[in-house]
Amino acid sequence: RACTEVHGICVVVYCLYVVKISDWCVTCTAMDSWEDQADGPPGPPPPPPPKPANFNFNPNAQTFAFNPTARTFVPPGFGAPPPPPPPKAAPPPAAHQVPAPVGPAPAAAPPPPALVPVAPASTAIPAPASTPAPPATQPSAEASSAGAEAQPMETDAPAVTPAATSEDKGAAAALAEKVEELKVKETVEEPVVPVDETAILKAYEALAAEDGRDHLNIVFIGHIDAGKSTLAGQILFLTGGVDKRTIEKYEREAKEKNREGWYMAYIMDTNEEERTKGITVEVGRAHFETEKKRYTILDAPGHKNYVPNMIQGACQADVAILLISARKGEFETGFERGGQTREHAQLAKTLGVSRLIVVINKLDCPSVSLPGGKWDKGRYDYIVNGLTPFLKQCGYNMKKEVTFLPVAALYGHNIKEAVPKEMCEWWEGGTLFETLDAVDPVERNPLAPIRMPIVDRWKEMGTIIMGKIESGFLRVGDVVQLMPNRLKVKVEAIYRDEKEVTATRSGENLRLRITGAEENDISPGFVMSSIKAPVPIVTQFEAQLMIIELLEHNSIFTVGYKSILHIHTAVEECEVTKLVAEIDPKTKEQKKSKFIKSGGVCICRISVDKPICIETFMDLAALGRFTLRDEGRTIAIGKVTKLPKAH
């Protein structure tokens, strides 16, 4: 071992016997152990050892003998180099000249207190003359005497490397390839093609000229067994989406299962489990048209176990139809605490539904109808008066955003055509179709960045993704990227209302065939966005939150509260990391608080484990509103107010 210090070079050689190094080189061993440093404050550094007057070292020596009192050092066999490794033959080095010491030799120092017997000073190895050194086969007397006591130790000589075999070469090549694969390659960003706004506007105008009708997404919500699937099926039957023969087939199947009143729901509930139990599980999808608009039906489940599926459908809707069963006992069950009428109405407002149509169904039921099958206005008014205060509390504008109307979904009364006067002489309003056609169209900006949350994906002659395009304008051949994994994909085909089109505007529910990504690369909750203006990717954000109702055993909302975050189509576990302020609902003043109770409003910071794609509510409301759920109940609703600067 050799260590270089500013004071000189110390060569320490280990023999088979113990040598106390600290007596020979203090500089190299003074700070050799971190334990010594911890014993106390370091003292002044020791003085450097005297530099030897004459010191030479031959690294090619075959043997070694050590005498600590000698002034010079010449290994036996000095000048005889080791055999060079094949195939190169190195020339023998020239003889080393070690100058003789000038003046008398100093007095011999006593040997170190060790078990190694060393030669006396008088047996110091003499300096070699100018003649070549003796061959290695004739060691000196001093070396012989030292070798009799200690085993000679070879110094570091060039080792002879064996010839590499073919297997070694193959393993080395495989290792080199593996190292090359594991190297972090520098990604070269492809230049972003500038957006041709003129071409987009021309395509948008051509699409509007082809079919100028506005498109609306309708979600059917409400308590279980309120008639959601029945109403959706009746709409499809009245608009020609289902023929008479199919209805007769469904009617026979329902009669065989002793469910005569469910045959119209079979149009939407295609799953055998849903038909047997009479419960919608997945969000059903269908399309119908009127003279003024095109519509997409989203039939959401009403059971409390499938509220996450309901949220997935409601987040794609523009208009919500809240069905209320007028049958005695059913309205009260759905509207009381824990009923899905309350939760669905609150969720629809939170998820961005702009219009709410409250459809009071089953007024023709014998339990509430008047003699002769007439609809009871008293029952209708009772339901309207019960719902109005709650809907105001949810944030609905009762004059502009909410409409009430009675229907009979099973028989199709007051859906396409007005209810007969002999059945309901007191109703002066319009039908369901007239109410839907009167909804104001939603403004769409074709030049906005593309944002399309992914609802589902599957394999069908390529990779298919499904979702609602919230903003922007999309054409076949456009190259976009899927966030957060930043996959660049190309749109090969666009399907709208079961028809293939060349372009589409925002607000449409679409199915896209893409290339550049596989099914396993995409998950629900991903967002397809423009390359030039990608959607932000964050793991934390700041939001304004309104606490609806906390759990009985966890009634304090504070830092560390964990729940399930539902934002557009993404579902992630989240945790409150900071309470910024509590907001007074009346004065809107902010104050510091350590916890929030039910009914309170606050600004807090929320973090998630996995990155999510969101926008602030001001930039894009559809990607900036969310709900928090805990143990199957909605506990809070909120909107994103601030994102980290680096996202």
### Message
List the residues meeting salt bridge (charged side-chain N to carboxylate O under 4.0 Å, His left out) with R633, not counting sequence neighbours, and say none if there are none.
### Response
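Partners of R633 under the salt bridge (charged side-chain N to carboxylate O under 4.0 Å, His left out) test: E549, E552.
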
### Message
Under a plain distance cut-off of 3.5 Å, with no hydrogens placed, do N445 and Y204 share a side-chain donor-acceptor pair?
### Response
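Y204 vs N445: no donor-acceptor pair found between side chains.
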
Has the side chain of [X] got a donor or acceptor atom that lies under 3.5 Å from a matching backbone atom of [Y]?
| X | Y | value |
| --- | --- | --- |
| H413 | V419 | no |
| R451 | S529 | no |
| D497 | H287 | no |
| Q312 | P308 | no |
| K362 | V407 | no |
| Y396 | K349 | yes |
| T403 | I357 | no |
| R505 | R444 | no |

### Query
Among pairs that include at least one residue of residues 431-472, which meet ring-ring contact (aromatic ring centres under 6.0 Å, His included), considering only residues two or more places apart or in two chains?
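Checked against ring-ring contact (aromatic ring centres under 6.0 Å, His included) - neighbours excluded - the pairs reaching residues 431-472 are F288-F433.
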
### Query
What pairs of residues pass the ring-ring contact (aromatic ring centres under 6.0 Å, His included) test when at least one of them lies in residues 221-244, not counting sequence neighbours?
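For residues 221-244, and leaving out neighbouring residues, there are no ring-ring contact (aromatic ring centres under 6.0 Å, His included) pairs at all.
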
### Chi angles and distances behind the side chain to side chain donor-acceptor pair (under 3.5 Å) call for N217, N509
CA-CA 8 Å; N217 298 281; N509 268 279; 2.2 Å; yes

Closest approach of [X] and [Y], non-hydrogen atoms and distance?
| X | Y | answer |
| --- | --- | --- |
| A622 | H568 | O-CB, 4.0 Å |
| A203 | F473 | CB-CE2, 3.6 Å |
| A254 | W262 | CB-C, 4.4 Å |
| T569 | C315 | CG2-SG, 4.0 Å |
| A232 | I297 | CB-CG2, 4.0 Å |
| G227 | A409 | O-CB, 4.5 Å |

For [X], does the [atom1] atom have more than 12 heavy-atom neighbours from other residues, nucleotides or ligands under 6.0 Å away?
| X | atom1 | answer |
| --- | --- | --- |
| K459 | NZ | yes |
| E519 | CD | yes |
| K610 | NZ | no |
| E253 | CD | yes |
| K400 | NZ | no |
| K293 | NZ | yes |
| E248 | CD | yes |
| Y411 | OH | no |

Rounded to the nearest 0.5 Å, what's the gap from [atom1] on [X] to [atom2] on [Y]? Could you check?
| X | Y | atom1 | atom2 | value |
| --- | --- | --- | --- | --- |
| R355 | N397 | CZ | CG | 10.0 Å |
| D437 | T290 | CG | OG1 | 3.5 Å |
| T504 | I469 | OG1 | CD1 | 6.0 Å |
| W375 | L363 | CH2 | CG | 6.0 Å |
| L545 | F626 | CG | CZ | 5.0 Å |
| L510 | I494 | CG | CD1 | 7.0 Å |

Looking at [X] and [Y], does any basic side-chain N land under 4.0 Å from a carboxylate oxygen?
| X | Y | result |
| --- | --- | --- |
| E500 | R513 | no |
| R511 | E498 | yes |
| K468 | D318 | yes |
| R629 | E343 | yes |
| E615 | K639 | no |

Less than 4.5 Å apart, any side-chain heavy atom of [X] and any of [Y]?
| X | Y | value |
| --- | --- | --- |
| I235 | F220 | yes |
| Q340 | V307 | yes |
| N361 | T230 | no |
| M398 | F404 | yes |
| L216 | L436 | no |
| T627 | Q346 | no |
| V219 | M310 | no |
| V640 | L623 | no |

### Task
Would you sort out whether T515 and E492 count as a side chain to side chain donor-acceptor pair (under 3.5 Å), showing the intermediate values?
CA-CA 7 Å; T515 56; E492 299 291 346; 3.1 Å; yes

### Query
Does the pair E508 and R294 meet the rule for a salt bridge (charged side-chain N to carboxylate O under 4.0 Å, His left out), with working shown?
CA-CA 10 Å; E508 302 279 359; R294 296 182 297 105; 2.5 Å; yes

### Task
Show your reasoning for whether side-chain contact (heavy atoms from CB on, under 4.5 Å) applies to L387 and T341.
CA-CA 10 Å; L387 286 173; T341 300; 4.3 Å; yes

### Task
Using the side-chain contact (heavy atoms from CB on, under 4.5 Å) rule, take M483 and F526 through it: C-alpha gap first, then chi angles, then the decisive distance, then the call.
CA-CA 6 Å; M483 307 293 276; F526 283 19; over 6 Å; no

### Message
side-chain contact (heavy atoms from CB on, under 4.5 Å) for I321 and L432? Distances and angles first, verdict last.
### Response
CA-CA 10 Å; I321 295 181; L432 178 60; 4.1 Å; yes

#### Entry: Check against side-chain contact (heavy atoms from CB on, under 4.5 Å), N309 and E282
CA-CA 6 Å; N309 294 347; E282 299 291 338; 4.2 Å; yes

